[in-house]
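Have a look at the structure below, then the notes.
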Amino acid sequence: MSADGGPYTLAEIAEVIEAELSGRGDLVIHGIADIRDAKPGEIAFVANPKYLKEAAQTKASAVIVSKSVQAERISPGTAALYVDDPYLAFAAVLSLLAPKREKRVGVDSRAVLGDTAAIGEAVWVQPYAVIADGARIGRGTVVGSFAYIGEDAVIGEDCLIYPHVTIREGSRIGSRVILHSGVVIGSDGFGFAREGASYRKIPQVGTVLIGDDVEIGANAAIDRAAMPNDATVIGNGVKIDNLVQVGHNVKIGDNSLIVALVGLSGSVELGQNVTIAGQTGLAGHLRIGDNTVIAARSGVTKDVPSNSYYSGFPAIKHSDDLKHQAYLRRMPRMAEEIRALRKRVEELEADRGVSHSAQK
């Protein structure tokens with residue numbers, strides 16, 4: 001099997017993703033593409049049933065599909081790899097076939113290292129990165145150009161710190177963490193006390209703890225905790241999208257998913273396996289239970305129990321929010337009906353007044 005990104009035979013790919021192969025196992029695959037654009041020699045996938053029409057017309061040499069898909073739904077002459085989860089299988093195949101980036105080892109002469117900085121084995125420090133005194137970089141980690149690693153910060157093994165990342169003093173980062181460009185770890189929390197007509201800054205002297213296998217998207221900001229010996233905590237396996245704000249003293253449980261443009265106010269606590277969809281805001285000091293989903297553009301103002309699905313502003317149970325939305329869509333028609341009923345009542349009252357006058 002190739003070790004440089006391909007090509008692979010279908011039999012080799014099927015073995016990697018544990019697929020049931022229908023077609024020629026010796027067929028060579030050198031690339032992966034969208035189901036609509038794939039060409040011979042490439043493999044595609046269908047995770048959403050609405051794209052099965054394209055699967056019947058694709059020119060790909062092979063397609064990854066669910067085991068529930070019938071063979072006649074696949075284009076004639078196209079091999080099929082049947083799996084339980086096509087999207088997960090696609091991720092594995094993409095890792096196999098994607099071009100491999102060159103990884104070097106060593107500290108570039110243009111980088112700036114503090115006298116007491118500790119650099120592990122097989123680390124690559126790119127030009128113009130700054131690693132301050134007391135910082136420790138684990139084995140196999142890449143520190144991109146113009147990244148800044150502050151005093152006494154600790155970064156684990158096999159991390160990827162892209163260019164222009166800032167990791168402030170004292171921050172602790174686990175292993176296999178990916179930080180995209182523009183990320184700031186350990187920025188000051190938003191803490192101010194009213195003093196007459198102005199504000200006095202409250203020093204932010206805690207830290208940030210980030211677990212293993214975390215990925216944080218571009219231009220996200222993770223604030224440090226306010227108090228000494230306290231931390232903003234990002235659990236193991238957490239994935240944070242671009243442009244997310246995590247306030248001071250926030251705690252995010254393992255394997256949670258935070259989508260773009262989310263704002264988590266100070267001291268919010270998320271349980272494990274929580275999903276916060278895009279453009280959602282959470283007020284401070286809230287507790288969100290395990291396995292909870294908050295839909296996009298929600299405003300969360302109260303604690304949310306475990307195993308819940310909430311949406312809307314203020315956020316409520318999603319089933320209740322759907323009912324509210326249905327009523328809102330019906331309001332113009334209901335307003336017309338109310339106006340018609342009011343007019344009819346006025347007419348009846350007018351007729352009744354005329355009848356009373358005639359009786360007198």
Side-chain angles (χ1 to χ4, degrees), residues 95 98 101-105 107-108 111-114 117-120 122-132 134-189 204 206-225 231-248 250-264 270 276:
S95 297
R101 296 177 180 175
E102 178 186 10
K103 180 181 177 182
R104 301 177 186 173
V105 173
V107 178
D108 190 277
V112 178
L113 268 62
I119 308 298
V123 167
W124 181 16
V125 180
Q126 296 177 1
Y128 309 112
V130 175
I131 302 177
R136 303 201 305 272
I137 312 298
R139 187 183 190 283
T141 286
V142 176
V143 179
S145 296
F146 298 101
Y148 173 79
I149 315 299
E151 293 181 359
D152 300 316
V154 177
I155 300 175
E157 297 183 354
D158 298 313
C159 292
L160 179 52
I161 312 300
Y162 277 102
H164 294 283
V165 167
T166 297
I167 300 174
R168 289 270 303 274
E169 64 278 2
S171 299
R172 300 289 189 268
I173 295 173
S175 295
R176 301 173 302 281
V177 171
I178 300 174
L179 303 179
H180 290 271
S181 295
V183 165
V184 179
I185 305 296
S187 45
D188 283 3
Q204 305 292 295
T207 188
V208 175
L209 300 179
I210 295 179
D212 297 334
D213 303 300
V214 171
E215 183 162 354
I216 301 178
N219 296 314
I222 315 295
D223 290 346
R224 65 177 52 248
T232 300
V233 178
I234 312 298
N236 296 324
V238 170
K239 312 302 180 187
I240 297 177
D241 201 356
N242 301 338
L243 297 166
V244 168
Q245 160 65 24
V246 178
H248 55 194
V250 165
K251 307 290 191 291
I252 300 179
D254 294 351
N255 300 311
S256 290
L257 192 69
I258 316 296
V259 186
L261 299 172
V262 164
L264 304 180
L270 305 185
I276 309 293

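The figures here come from the full heavy-atom set of this structure, side chains too, leaving out hydrogens, waters and symmetry mates. Please read these numbers as outputs of a predicted model, since none were measured by experiment. Along the sequence shown, residues carry numbers from 1.
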Point to revise | Inter-residue atom distance Q126.CD - D108.CG, 0.5 Å rounding | key: 8.5 Å
Study note, to complete from the structure: I240 and I222 have their tightest heavy-atom pair at CD1-CD1, 4.2 Å
Exercise for review: Please confirm whether the backbone N or O of A260 pairs with a side-chain atom of N242, one donor and one acceptor, at under 3.5 Å?
Suggested key: no
Check your understanding: Within the distance-only criterion (no hydrogens, no angle test), does the side chain of R172 pair as donor or acceptor with the backbone N or O of G170 below 3.5 angstrom?
Key -> yes
Practice item. Please identify each residue that fulfils side-chain hydrogen bond (donor to acceptor under 3.5 Å, both in side chains) with R168, with sequence neighbours left out. Key: D188
Point to revise | D213/R176 ion pair, N-O < 4.0 Å | key: yes
Check your understanding: Which distance, rounded to the nearest 0.5 Å, do you find between the CG of D241 and the NE2 of H180?
Key -> 9.0 Å
Review point. Rounded to the nearest 0.5 Å, how far apart are CD1 of I119 and CD1 of I149?
Key: 9.0 Å
Practice item. Evaluate the side-chain proximity of K239 to L257: yes if any heavy-atom separation is below 4.5 Å, no if none is. Key: yes
Check your understanding: side chain to side chain contact (heavy atoms under 4.5 Å, CB included) between C159 and V177: does it pass, once the steps are laid out?
Key -> CA-CA 5 Å; C159 292; V177 171; 3.8 Å; yes
Study note, to complete from the structure: In short, I161 meets A147 closest at the heavy-atom pair CG2-CB, 4.3 Å
Point to revise | Heavy-atom side-chain proximity of L179 to I173 below 4.5 angstrom | key: yes
**Study point:** Nearest atoms (heavy-atom pairs only) where A129 meets V143
**Key:** CB-CG1, 3.9 Å
Check your understanding: Which atoms form the tightest heavy-atom contact between A220 and I216, and what is the distance?
Key -> CB-CG2, 3.6 Å
Revision key, fill the gap. Rounded to the nearest 0.5 Å, the CD1 atom of I155 sits from the CD1 atom of I185 at a distance of 9.5 Å
Practice item. Taking all heavy atoms of A117 and all of I131, pick out the closest pair and write down the distance. Key: CB-CG2, 3.8 Å
Check your understanding: Does S145 reach the main-chain N or O of P127 with its side chain, forming a donor-acceptor pair under 3.5 Å?
Key -> yes
Exercise for review: May I ask you to decide if G186's main-chain N or O and T207's side chain share a donor-acceptor pair within less than 3.5 Å?
Suggested key: no
Review point. What pair of heavy atoms forms the shortest contact from A231 to L209, and how long is it?
Key: CB-CG, 3.7 Å
Point to revise | Close side-chain approach of I178 and Y162, heavy atoms under 4.5 Å | key: yes
Review point. How about I252 and L264: do any of their side-chain heavy atoms sit closer than 4.5 Å?
Key: yes
Review point. Going through the distances and angles, do L243 and N219 end up as a side chain to side chain contact (heavy atoms under 4.5 Å, CB included)?
Key: CA-CA 5 Å; L243 297 166; N219 296 314; 3.7 Å; yes
Practice item. Going by the side chain to side chain contact (heavy atoms under 4.5 Å, CB included) test, name the single residue among I258, V238, V246, D254 that passes it with L270. Key: I258
Review point. Looking at side-chain heavy atoms only, is the closest gap between R224 and V208 below 4.5 Å?
Key: yes
Practice item. State, yes or no, whether a side-chain contact exists between V142 and L160 at a heavy-atom distance under 4.5 Å. Key: yes
